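Worksheet: the structure to be examined is printed underneath.
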Amino acid sequence: LTPPLHHTAPTKSSHPETMADFAAAPEGDTAKGAKIFKTKCAQCHVTEMAHKQGPGLKGLFGRVSGTTEGFAYSAANKNKGVNWGEETLYDYLLNPKKYIPGTKMVFAGLKKPQDRADLIAYLKESTANA
């Protein structure tokens, strides 16, 4: 006898904070990412060290969340201790308030994997400490 087939709930990942899988992300397009930054991010952020409503993003990759000097971060952002990189940004940009509950960032997120990959490609290039 063959046991009946049952639909089972998907198992939780060993990384419960992972909401998206950067390894499965499409290749990012820097030019498209620049457009996304201009329309979705530039109201609050710059790719330099100057601060606007949000912190300056120069040197973003490899930085720990909540540590940019001169910016008043939420306790949630400081306490999260995220080391920003492609993988963490890919998760964060999907839904910032879910990734860091209590963040002051009011951005709803980028639901499309291609948009997140494009923005990350742009940020990686534009925020590098050259």
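Since the structure is predicted, the reported quantities are computational estimates derived from the model, not experimental observations.
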What is the minimum heavy-atom distance between [X] and [Y], and which atoms define it?
| X | Y | value |
| --- | --- | --- |
| Gly81 | Ser65 | N-OG, 3.3 Å |
| Pro26 | Gln114 | CB-OE1, 3.2 Å |
| Pro96 | Thr103 | O-CG2, 4.0 Å |
| Asp29 | Ala121 | N-CB, 4.2 Å |

Is the charged tip of Lys80 near the ring of Tyr92: under 6.0 Å from the six-membered ring centre and within 45° of its axis?
->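 Judged by the rule, Lys80 and Tyr92 form no cation-pi pair.
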Just wondering, more than 12 heavy atoms not from [X] lying within 6.0 Å of its [atom1]?
| X | atom1 | result |
| --- | --- | --- |
| Lys52 | NZ | yes |
| Glu87 | CD | no |
| Lys97 | NZ | yes |
| Lys111 | NZ | yes |
| Lys40 | NZ | no |
| Gln43 | CD | yes |

In Å, rounded to the nearest 0.5 Å, how long is the span from [atom1] of [X] to [atom2] of [Y]?
| X | Y | atom1 | atom2 | answer |
| --- | --- | --- | --- | --- |
| Gln53 | Met105 | CD | CE | 10.5 Å |
| Phe22 | Leu94 | CZ | CG | 14.0 Å |
| Asp118 | Lys112 | CG | NZ | 11.0 Å |
| Asp91 | Arg116 | CG | CZ | 8.0 Å |
| Thr47 | Leu123 | OG1 | CG | 8.0 Å |
| Ser74 | Asn79 | OG | CG | 8.0 Å |

Any side-chain heavy atom of [X] within less than 4.5 Å of one from [Y]?
| X | Y | result |
| --- | --- | --- |
| Leu119 | Leu110 | yes |
| Leu60 | Leu89 | yes |
| Thr88 | Tyr99 | yes |
| Phe107 | Cys44 | no |
| Lys104 | Asn77 | no |

Looking just at side-chain N and O atoms, do Tyr73 and Thr68 make a donor-acceptor pair shorter than 3.5 Å?
->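 A donor-acceptor contact under 3.5 Å links the two side chains.
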Hphob cluster co-occupancy, Met49 + Leu57, side-chain heavy atoms under 4.5 angstrom =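 In one cluster: no.
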State yes or no: do Trp84 and Val46 share one hydrophobic cluster built from I, L, V, M, F, W and Y residues joined by side-chain heavy-atom distances below 4.5 Å, directly or via other members?
->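 Trp84 does not cluster with Val46.
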All ring pair (Phe, Tyr, Trp, His ring centres under 6.0 Å) counterparts of His45, not counting sequence neighbours =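 With neighbours one apart ignored, the set is empty.
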Report the residues that fulfil ring pair (Phe, Tyr, Trp, His ring centres under 6.0 Å) with Phe37, sequence neighbours left out, ordered by chain and then residue number.
->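 With sequence neighbours excluded, Phe37 shows a ring pair (Phe, Tyr, Trp, His ring centres under 6.0 Å) to Tyr122, given in chain and number order.
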For Tyr90 and Asp21, run side-chain contact (heavy atoms from CB on, under 4.5 Å): C-alpha distance rounded to whole Å, both residues' side-chain angles, the deciding distance at 0.1 Å, then the answer.
-> CA-CA 8 Å; Tyr90 194 72; Asp21 185 4; 5.6 Å; no
